[in-house]
Amino acid sequence: MAMARPKSAGEFDAVELETALLEAWKSENAFQQSIESNRNGAPFIFLEGPPTANGKPGIHHVVARAYKDLVCRWKTMEGFKVERKGGWDTHGLPVEIEVQKRMDLMSNEAIEEFGMENFNQACRDSVWTYESAWREMTERMAYWVDLDNPYVTLENNYVESCWWAMKQMFDKGLLYRGYKVLPYCPQTGTSYSSHEVALGYKEVEEPSVYVKFKLIDDSASILAWTTTPWTLPGNVGLAVGPDVTYVRARITEQAENWVGQGGAAVGEEIILAKELMKEVLRHNVEIIEEMPGSALVGRSYEPLFPEAVPRGDSKTAWTVLEADWVTTTDGTGVVHTAVMYGEDDYNLGMAAGLPAYHTVGMDGAFLTGTHSELDGRYVKECDQTIIELLSAPGGSNGKGPESGLLYREKAYLHDYPHCWRTDHPLLYYAMDSWFVRMTAVKERLLEFNNEVEWAPDWVGEGRFGEWLRNVKDWAISRERYWGTPLPVWRDDEGNMKCIGSITELQQEVAKAVAAGIENPVCPDEVDLHRPIVDGFTLLSDNGKPMYREPFVMDCWFDSGCAPFAQWHHPFDGGEKFNASFPVDYICEGVDQTRGWFYTLLAVSTTVFDKPAYKRCLSLGLILDAEGKKMSKSRGNIVDPWDHFNREGADATRWYMVTAGAPWNPLKFDSNGVRETYAKMFLTLWNIYKFHADYAALDGFDPELSESKVESRPSLDRWILSRLATTAHNYHADFKVWNFHKACRDLEDFIVNDVSNWYVRRSRRRLWDDAETTDKLACQHTLHEILTTVCRLVAPVSPFMVDTMYRNLTGETVHQAAWPLGIPGSLEGATADAWDEEAAAATAVLPPQDMQLEATMALVRELAEVGRRIRVEAGRRQRLPCSQGWIVSGPDMEEFHDILAEELNVETIAVENDLDRFQQIELAPNFRALAPKARSEVNAVAGEIKNADDPSAMFAAIQAGTCEIRGVNIEENDVEIRRVEREGFAASTVMIGQGDDAQQISLVLDMNDTPALLSKGLARDITRRIQAKRKSLDLAIEATIDLEIWTQNAPEMFEQDREWIVTETRAAAAVFHSSSEAPSSNAETFEVDGTSVWFTVQ
RNA sequence: GCGCGGGUAGCUUAGUCGGUUAGAGCACCCGGCUGAUAACCGGGAGGUCGCAGGUUCAAGUCCUGCCUCGCGCACCA
């Protein structure tokens, strides 16, 4: 049995407390113990989204981890078995770039020269650069996750599971090889992800050209516009909008002031979108014909560079095609289509059967055979040549009009992506790529998404749903070095094999070797990375050598495999996997919508035909105090240690959770952490200290004494009811992900109800040296409040409450039961379903008494009202009033003494005669009045409000005889408001709402008597002496010698002198008469014209 | 351009079914109180509820348009 007798609390030092606890947790193995203690509980499966450890962790990582931890701890306290395996994302471009920068290997050639093996080794090492920083942050913030046995995406077992998954897709026909147009840098020989492209947008001015495409069997030309003249040799089609209106316009006269090259002859006919005619054409024209785009579809035109692209068997090459994405916002309403150099172009080309041939090599130069003046030249240097070729009489193909094929050139200013390493413009370039046919499983994706409980729901329905409804095939390959290699081998005829395991690889290698193909040995522990896997040559079914497709996989694929690859499924851990899929809970930033949230679902759908997760908490972005996104480049990342080392992890975590809804962007404000520390944690500590210090002093032991709740004073029953109500609301908010609301309300309860009312009102109860039942009641109450509050706070801020709970109960709060029940421990329960009633039966909360809560709310309200009255009447708080009256309202008899004390009133009485102090005013109740009075409502309301004699009107209303503007006014059409009669110090409060609304007034008697003046003075003197005691740092039980002189003072009664003596623990006291001069070392003060001197020794 | 989410006091924010005096906290000022903690209580000042229309007897709340910030998507031919 644990020691349950609290020790004195001591001063609060968050950092010291937290670091000491971290040590204790470590030596006790507290995290593992908290799981172990629930080993028979129902499982709640959490999946950690793996961070990459090659960047320093910032405060935004702390936020995500706080929410992960919060839910896991909460579920653990509910009795669920919540294992938390850590994970690391270790592959991918960010790692490569980091290494490239460090080693100055800024191109693929450089990497290959350096050696792929060496390079990948460098990546492998680089991955762990900040691992210890992550570990320290994770431990310090008390994110409980198993970092000693994490899954690591670069490990062979993990990669093997990814290979297995890939093979499942391959076997289902969901994996295919194709082209994808990607932003590509010929200098470095790499394509870029959209993230990198975003880094390199630059505003540039480039020549854009309007080109005439001469129709066959027609004198007219179709006009198209492009900002990339180098794509023109690759032109194989023109796209028009089927519903766009086009015109055929004839040039009627030469244009004046022509700038630049190009032009048109009088009589030439040009086709373009009607809407853009004015903007594009510099000549005067006459419109010959109008037609929709659909009328142009199928027309053939002369290729600009007939040599550049072979027709092949294409029937649609060099014809007009329709595309619904063609707009008339710029250009000519006709889009020049070069299949290999634009994404839309490529998709259109594939759909329409255009020939798909490159005119540009991987080095960025025109391929031989494009045009004699262009072959072998870097495309960006050819703009001028192309313009000249087009402008020549007859144009570049010699079949155009005499005026040439160029109509106009125009400098064009736009944002264009550039290589962020070499600064060269990127080329959109069609490249070999592998895809997962996500479009084939779109319906399943949508179904599974509907099954997910999203928080907030609009991310699931909106953002994520939108993404799925527009799902495209997943380009999964990257022509890089450091990643999970694509396990596909291919021969020169296009025969392919996808390898799903090491064993299979070994078998295939053996087969190849048997057929005479040389191969390195393939041991069981073969490293599944480049270049090792590239070294194996396999044998196709037709006996041809097969080489590995030289790609690695998108690293998002790796993390998408986490649910099974973390267990090395299907090779190991079958049970582990089967029992934990789909997972119950994931939680990451909203930026993972297209990232991890998607790839998890994409992989689980294609491989298992199941969803990957049941619940997903999508967190808002973390912004700095100015509302700017935190980023390395802005340098506005907050270092979590700034707060860990100042206010501590508890305050940091509590701040994060209470600052706003989890899914809303969080403006991280350092002052807010400070505020949380001072308000929430300091207050809670002081409540605890108050209890613990007296409990220690009195030897209080909750196990050895008893105090029945129903026989405790109403103040105790009130705070316990508030505790139960707060806990219920807290839990209800947790269930619907409203952690912010839950925690704000709990904080309010702690600060307002417990500290500012209960403890303040109870302070004197514990001062009593004797063992009274009242003191015991207070101690038990405080004990119950604190142990419950500790458990509620523990999932969010796990440190301080554990220290408190340990001292109060001898046990750790992290193995304590959730006060609202422990469903996870019930027979047959799962994370999704449990017996609510049986779970509730395990709850441990005091009884609720809503009536009592309402009454106390009123008492507190009246206490505030009383102070307001005093301020307004200019009567100081310490000068008592002889009498106070409460006018109407519920019975509060049992709280009259509290009120009397709060208000410093001798007696409180109830007065039912309203008219004695007050009169009424009437106010219209619009909700009731409006339907009856309709448009007259304002006029009627005005007459009610301004009634000369409201009492008389109300009497008429009650009698049913009050009619205004034809409307019969009934009682519920008006509200009665009370105002004070002239000459009374009173104030009125409204409680309740709607029909239950009630007004209660407080009236104070402001007349003085000698007795009151004496008492008031005594209180003032006492207060000054107490302050002096405090400033002298005297022990509470120390006694003093007291001397007091007064001048111009009211007579002080003997009983009040005695009161001063006992209150201030004076062993000896001398009250000098007013004729005696005060000692020169006496302190002095003045109150209401009375001067007082005193000495304390 | 499309979608999602915001815009309420100097700052952080609450505001339910539309109901007539928009509520807190921080900071500021005045006063009070304190063996009560970096506290507490009362009061003050501080708001065109992003802008403009509309619906309604009544709009922070509902509708339309616009401005603006954030995020995502698309485009940049």
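Chain letters run A, B, ... following the sequence lines, proteins first and then strands; every chain starts at 1.
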Peer 1: In chain order, what residues pass the salt bridge (charged side-chain N to carboxylate O under 4.0 Å, His left out) check against A:Glu647, with sequence neighbours excluded?
Peer 2: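 A:Glu647 satisfies salt bridge (charged side-chain N to carboxylate O under 4.0 Å, His left out) with A:Arg674 once adjacent residues are dropped.
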Peer 1: To the nearest angstrom, how far is A:Asn752 atom CG from B:C40 atom P?
Peer 2: 9 Å
Peer 1: Distances under 3.5 Å only, N/O to N/O: pair up the protein atoms with those of nucleotides 12-14 of chain B.
Peer 2:
{"from": "B:U12", "atom 1": "OP1", "to": "A:Lys667", "atom 2": "NZ", "distance (Å)": "2.6"}

Peer 1: Assuming nearest nucleotide by heavy-atom distance, tell me which of A:Gly331 and A:Leu621 is located more 5' along RNA chain B.
Peer 2: A:Leu621
Peer 1: Heavy-atom count around A:Lys410 NZ within 6.0 Å, excluding the residue itself: above 12?
Peer 2: yes
Peer 1: Is the number of heavy atoms from other residues, nucleotides or ligands within 6.0 Å of CD (A:Glu275) greater than 12?
Peer 2: no
Peer 1: Quick check: A:Tyr407 with A:Tyr210 (ring centres under 6.0 Å apart)?
Peer 2: no
Peer 1: If you pin A:Arg927 and A:Val459 to their nearest nucleotides in RNA chain B, which one's is more 5'?
Peer 2: A:Val459
Peer 1: Tabulate below the donor-acceptor pairs under 3.5 Å that side-chain atoms of residues 681-690 of chain A make, not counting sequence neighbours, or state none.
Peer 2:
{"from": "A:Thr683", "atom 1": "OG1", "to": "A:Lys679", "atom 2": "O", "distance (Å)": "2.4"}
{"from": "A:Trp685", "atom 1": "NE1", "to": "A:Gly10", "atom 2": "O", "distance (Å)": "3.1"}
{"from": "A:Asn686", "atom 1": "ND2", "to": "A:Leu682", "atom 2": "O", "distance (Å)": "2.9"}
{"from": "A:Tyr688", "atom 1": "OH", "to": "A:Asn807", "atom 2": "ND2", "distance (Å)": "2.7"}
{"from": "A:Lys689", "atom 1": "NZ", "to": "A:Asp693", "atom 2": "OD2", "distance (Å)": "3.0"}

Peer 1: Need one value for A:Tyr677: base, sugar-phosphate or nothing, where a base atom within 4.0 Å counts as base even if backbone is also close, heavy atoms only.
Peer 2: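 Base contact.
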Peer 1: So, under a plain 3.5 Å distance rule, would you say the side chain of A:Arg463 forms a donor-acceptor pair with the base of B:C73?
Peer 2: no
Peer 1: Does A:Arg1019 form a side-chain hydrogen bond (donor to acceptor under 3.5 Å, both in side chains) with A:Thr1022? I'd like the steps, not just the answer.
Peer 2: CA-CA 5 Å; A:Arg1019 282 197 60 171; A:Thr1022 304; over 6 Å; no
Peer 1: Check the phosphate of B:C26 against A:Lys679, side-chain N and O only, distance under 4.0 Å to OP1 or OP2. Yes or no?
Peer 2: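 Answer is yes, contact under 4.0 Å.
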Peer 1: Does A:Arg469 reach a base, just sugar-phosphate, or nothing at all? Heavy atoms under 4.0 Å.
Peer 2: nothing
Peer 1: Take atom CG of A:Asn925 and atom P of B:U21, then tell me their distance rounded to the nearest Å.
Peer 2: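 Value for this atom pair: 13 Å.
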Peer 1: Taking the C1' atom in each of B:G42 and B:C33, what is the distance between them to the nearest angstrom?
Peer 2: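 Between the two C1' atoms, the distance is 10 Å.
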Peer 1: Taking syn as a glycosidic torsion within 90° of 0 and anything else as anti, which one is B:C17?
Peer 2: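 The base of B:C17 is oriented syn (glycosidic angle within 90° of 0).
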Peer 1: Is the distance between the ring centroids of A:Trp230 and A:Tyr341 less than 6.0 Å?
Peer 2: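 Centroid separation for A:Trp230 and A:Tyr341: below 6.0 Å.
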Peer 1: Which part of the nucleic acid does A:Thr226 contact within heavy-atom distance under 4.0 Å: base, sugar-phosphate only, or nothing?
Peer 2: sugar-phosphate
Peer 1: Who passes salt bridge (charged side-chain N to carboxylate O under 4.0 Å, His left out) against A:Asp345, sequence neighbours left out?
Peer 2: none
Peer 1: Got a minute to check which stems RNA chain B is part of, using Watson-Crick or G-U wobble pairs under 3.5 Å, three or more consecutive?
Peer 2: B:1-7 with B:67-73, B:10-13 with B:23-26, B:28-32 with B:40-44, B:50-54 with B:62-66
Peer 1: Checking A:Asn925 now: which residues fulfil side-chain contact (heavy atoms from CB on, under 4.5 Å) with it, not counting sequence neighbours?
Peer 2: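 Partners of A:Asn925 by the side-chain contact (heavy atoms from CB on, under 4.5 Å) criterion, ordered by chain and then number, come out as A:Arg927, A:Ala928, A:Glu975.
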